[in-house]
Amino acid sequence: MMTEPTDDFVRAVEATLFAAEQPMTVEQISNHLGQADVRPALAELERHYRARGVLLVERGKRWHFETAPDLAHLLRREKEDLRRLSRAATEVLAIVAYHEPVSRAEIEAIRGVQTAKGTLDVLMEAGWVRVAGRREVPGRPVIYATTPDFLAHFGLGSLKELPGLEELRAAGLLDPVDDDMIQTGLRPGKVPGEDEETAEDTAEDLDERDLFEEDDG
Amino acid sequence: MMTEPTDDFVRAVEATLFAAEQPMTVEQISNHLGQADVRPALAELERHYRARGVLLVERGKRWHFETAPDLAHLLRREKEDLRRLSRAATEVLAIVAYHEPVSRAEIEAIRGVQTAKGTLDVLMEAGWVRVAGRREVPGRPVIYATTPDFLAHFGLGSLKELPGLEELRAAGLLDPVDDDMIQTGLRPGKVPGEDEETAEDTAEDLDERDLFEEDDG
Amino acid sequence: MNAPAELPFGLPGADAGWDGEDRAEARKEALYLEIDGWEGPLDLLLDLARRQKVDLRRISILELVAAYLDYIEQAEALRLELAADYLVMAAWLAYLKSALLLPKDEQADPSPEELALRLQLRLQRLGAMREAAARLMGRNRLGRDVFLRGAPEGLRVERKSAWQCSWYDLVRAYGDVKVRSQPVVHMVRERMVMTLDSAIARVSSMLGVSLDWMDLRDFLPPASDTWANPQLRRSALASSFVAALELARTGRAEIAQEQTFGPLRLKACK
């Protein structure tokens, strides 16, 4: 493919817009290039770039180059980081699974601590929890439930396959883990608030902290 | 003028390089575009842009778009923020480029004068010169070389494009600096050494002082 | 921008500026006034050599030496601390000059011709680099003559989190919540005590056996095994005292105490 020689003035407009740090109005380009009429050059450039990976576009009377919208996905590369759910998020997920549908206030009542909004967001981002409507009580709180992805991820046919309280007790999962933890949960004079989550995190064992770190790769 | 439809992969390479904030190697472009071979696309783009106001150039194995040099008079910015180099710095830069890798003692032997440490620092700060290891000779002196940014800044595809390189080489003017020249040179009885730095700084060209304000004297 | 690129290397007058600046004129004026403007003796020599208006390969070394010594002589205002290098060079050049003028057979090794050649080569090398620097600086430079894209969109690497959680983590977490939220019942720990009933039984049975006054403490069980526990003994003492009062009230025992805090004695009623 042989390109026709391009008019030097068109080339100058092209270079000016390429190097510009801001979109430019016709007047600005013209001022830059000795007051010449730049409209025909802009029209020609616009036509030329229409077929290319970069477009010359006018937005609000200002011209600039931008990458073609159909290629936008190429300019973003996704990288997946494996991240372990925090203890708080795991607890909230478990409560949703055992009690669904539940409102945030109910989750908080069961957990005994306030739940940061971010925790539910993480679970929804993970695709395990969804908004399942509103409860028809005063205030109409949003209620949450698990998703089919949740069942798939944990290898469950249905929520009924989650072990019941008796089974948990038999497995030793309802034994006090250690006194400190119980005391943390019952610490008197604790003021509930959004920063609760942080306070709790601090009291959590170090292992979890390690797990929090992103394992890249 | 009707432009032929451009291959989507070529458009993708074009868009990637347009959007990139840094010059990119073939590998980087390829990583960004699903490991495909980008060389044919680069060749086609390079050819296409040759006639335009913006060029696709390769500098030290990295590719980027830049405005055409013949339009410089139209684009040159009024307040030039390029740092003005002292004569000493430009000479040292040329010596590093034409002789690389080169030690400081070799630079000094060619210039017949001790080089203030600040001169090399200025070039390294500009990103044009880097430490390229040590020469495996007694004393293991640090050796310096140019960077890809140096090539990009001065519009060189590689060091082979340095002006007059072949003539200089043919004339023997780029032969390695021998020990004799470093040790005795034109200053019999005088051995270059670090302790002369201070005296040398004092003797440095005043202009260099003014331009870089390196008053650590 | 001047274009030194057309000038072949080593030609006189090719001393272009550096970074676009040409100071040659200024330096000619300064030549006889100061020495600060030179980048060392080799720089001065190069400039003097250029004044011969011939190729650096064809300069007359004798003429150059003369010019240099002349310059040093005239530069009366030399600041000695700056001039040491220049004076060393002057001495060396004076030696070179005299050696060049000597008859051949008296010449040392390396020969003065060899030394002169080396000097010439060094001047050529420095001259070449100076011109190369000027040509380099005169190129179309990025950010001055040519420009990168002013506002690149940038290539982004988006990080997406793939959340991990195992079945065990989930169930364990639920267990933890349940444990933590269990209602807490406060229970007073059971302590070993001697009940009042058993104290009354013990004291009254022992009173029936003895006819004399007995110290209250003698009614306690012997301090062995579990009764060795001091807390339990205090409990037994307290209970036995209450038992004694109860027995006295019901008329089955007499209590006597000779002084405050003295031993409490007990005897069965007749």
Legend entry - Best-contacting candidate, B/Val13, B/Asp70, B/Leu55, against chain A by heavy atom pairs under 4.5 angstrom: B/Asp70

If you measure from [atom1] on [X] to [atom2] on [Y], what distance do you get to the nearest 0.5 Å?
X       : Y       : atom1 : atom2 : answer
B/Leu17 : A/Thr67 : CG    : OG1   : 12.0 Å
B/Phe18 : A/Tyr49 : CZ    : OH    : 5.0 Å
B/Arg11 : A/Arg52 : CZ    : CZ    : 9.0 Å
A/Thr16 : B/Leu75 : OG1   : CG    : 5.0 Å

Inset, instruction - Could you pull out the closest heavy-atom pair between B/Gly53 and A/Ala15, with the gap in Å? - result: O-CB, 3.4 Å

Inset, instruction - Below 4.5 Å from any heavy atom of chain A, which atoms of B/Leu71 appear? Answer side chain, backbone, both or neither. - result: side chain

Inset, instruction - Kindly check if the number of other-residue, nucleotide or ligand heavy atoms within 6.0 Å of CD (A/Gln22) is above 12? - result: no

